[in-house]
Amino acid sequence: MIRQPFHLVEFSPWPLTGSMGALMLTIGLTSWFHGHSMTCMYMGIILILITMLQWWRDIIREGTYQGHHTSHVAKGLRWGMILFIASEVLFFFAFFWAFFHSSLAPTPELGCSWPPTGIQPINPFSIPLLNTAVLLASGVTVTWAHHSIMEGQRSETIQALTLTVLLGMYFTFLQAMEYWEAPFTIADSVYGTTFFVATGFHGLHVLIGSTFLLVCLTRVIMHHFSTGHHFGFEAAAWYWHFVDVVWIFLYICIYWWGS
């Protein structure tokens, strides 16, 4: 048997079940949009959630108990996360492009003004400003958690991660309240479309990041991380900082300048 530092992944059913879940979710959403049953959509969501839980379980087992995540494997994981975040930057760049394309040169259909005629924008110094403070505070707490892990302070790591998850949940709650009380909808011209698509996808990323950090918190409690082997948390922290930076641009461009 040839020894090498790379992890040769075993056969796994989760890519297949994940793709099947995504297909069922897409078909279910399309059916729902046309007024049909939502059964297929629910089945797709359940299958995707099961796949996520089982796949995460396998990866945690490989890196924690089986020792497959060597330095070479960890380096590959780091580059994978970097490229993933780079793709996310381009994802949000498209939304900002759409926003500025319409706002810098409003057409006659929009009343030659931005915000368009008849649109009452959300006050940037109300809930959006509070959400900005909440996310910036969460960036501080997740950095605190990172330094605590590197220094072997497990209790402080748990405290900092708990605060970060709670702040992420509070942000989501405030965002939902803002949507509920918004004086316009996603169907109100290109302003409503760009606003809800950009901020909505960011809100989805906050939910994903909060789940990511909650998994890391559980792993810290179960002694999965050490001072020199904790890339699972580092990936979550990188993702969370990315979410923070995107929100700052959203607040400045869409909430403040765009209003």
Side-chain angles (χ1 to χ4, degrees), residues 4-23 25-26 48-49 51-64 66-100 135-136 138-139 142-143 145-147 149-150 161 164-165 168 171 197-220 224-226 228-250 253:
Q4 40 80 27
F6 300 101
H7 176 213
L8 301 180
V9 183
E10 298 177 357
F11 290 106
S12 171
W14 311 130
L16 177 61
T17 59
S19 60
M20 290 175 59
L23 176 62
L25 178 60
T26 303
I48 288 174
L49 289 175
T51 300
M52 289 165 55
L53 290 174
Q54 300 285 18
W55 209 339
W56 290 346
R57 179 207 62 183
D58 289 352
I59 294 174
I60 290 171
R61 182 183 295 162
E62 292 167 1
T64 306
Q66 298 176 344
H68 290 316
H69 289 184
T70 63
S71 59
H72 287 76
V73 174
K75 184 177 180 180
L77 292 173
R78 289 176 185 275
W79 275 108
M81 192 65 192
I82 289 171
L83 293 174
F84 170 70
I85 292 177
S87 71
E88 291 284 274
V89 170
L90 298 177
F91 178 75
F92 278 98
F93 179 79
F95 300 143
F96 283 105
W97 184 289
F99 172 78
F100 284 113
L135 268 193
L136 290 178
S138 71
V142 79
T143 303
H146 193 186
H147 284 280
I149 285 182
M150 290 190 295
L161 270 178
T164 307
V165 172
F171 176 93
V197 169
T199 60
F201 270 110
H202 177 268
L204 177 62
H205 282 68
V206 171
L207 282 173
I208 295 171
S210 299
T211 306
F212 204 168
L213 291 171
L214 184 60
V215 172
C216 290
L217 174 59
T218 305
R219 297 189 65 191
V220 170
H224 285 186
F225 295 137
S226 66
H229 190 85
H230 53 264
F231 175 70
F233 169 77
E234 286 185 1
W238 292 355
Y239 188 85
W240 196 254
H241 287 308
F242 161 74
V243 169
D244 286 350
V245 172
V246 170
W247 175 258
I248 291 173
F249 280 100
L250 283 173
C253 298

Ring center gap for H202 and F171 short of 6.0 angstrom = yes

Residues at least two apart in sequence or cross-chain that pass ring-ring contact (aromatic ring centres under 6.0 Å, His included) with F100, listed by chain then number, are W257

Who are the side-chain contact (heavy atoms from CB on, under 4.5 Å) partners of V197, not counting sequence neighbours?
-> F95, I186, T193, F201

Donor-acceptor contact present, side-chain H230 to main-chain S226, <3.5 Å | yes

Heavy-atom nearest pair, S138 first then W240, reads OG-NE1, 2.8 Å

Check G139 against D244 and note the closest heavy-atom contact, atom names and distance.
-> CA-OD2, 3.3 Å

V243 to L135 - nearest heavy-atom pair and separation = O-CD1, 4.3 Å

Side chain to side chain, I60 and R219, heavy atoms closer than 4.5 Å = yes

Backbone N/O of R61 and side chain of T64: donor-acceptor pair under 3.5 Å | no

side-chain contact (heavy atoms from CB on, under 4.5 Å) against M81, all qualifying residues, sequence neighbours excluded | F84, I85, F212, F231, A235, W238, Y239

Are the side chains of I59 and W14 in touch, meaning some heavy atoms are under 4.5 Å apart?
-> no

Apply the side chain to side chain contact (heavy atoms under 4.5 Å, CB included) test between S210 and each candidate in V206, L207, L213; give the one that qualifies.
-> V206

Shortest non-hydrogen contact between L136 and I248, atoms and distance = CD2-CD1, 3.9 Å

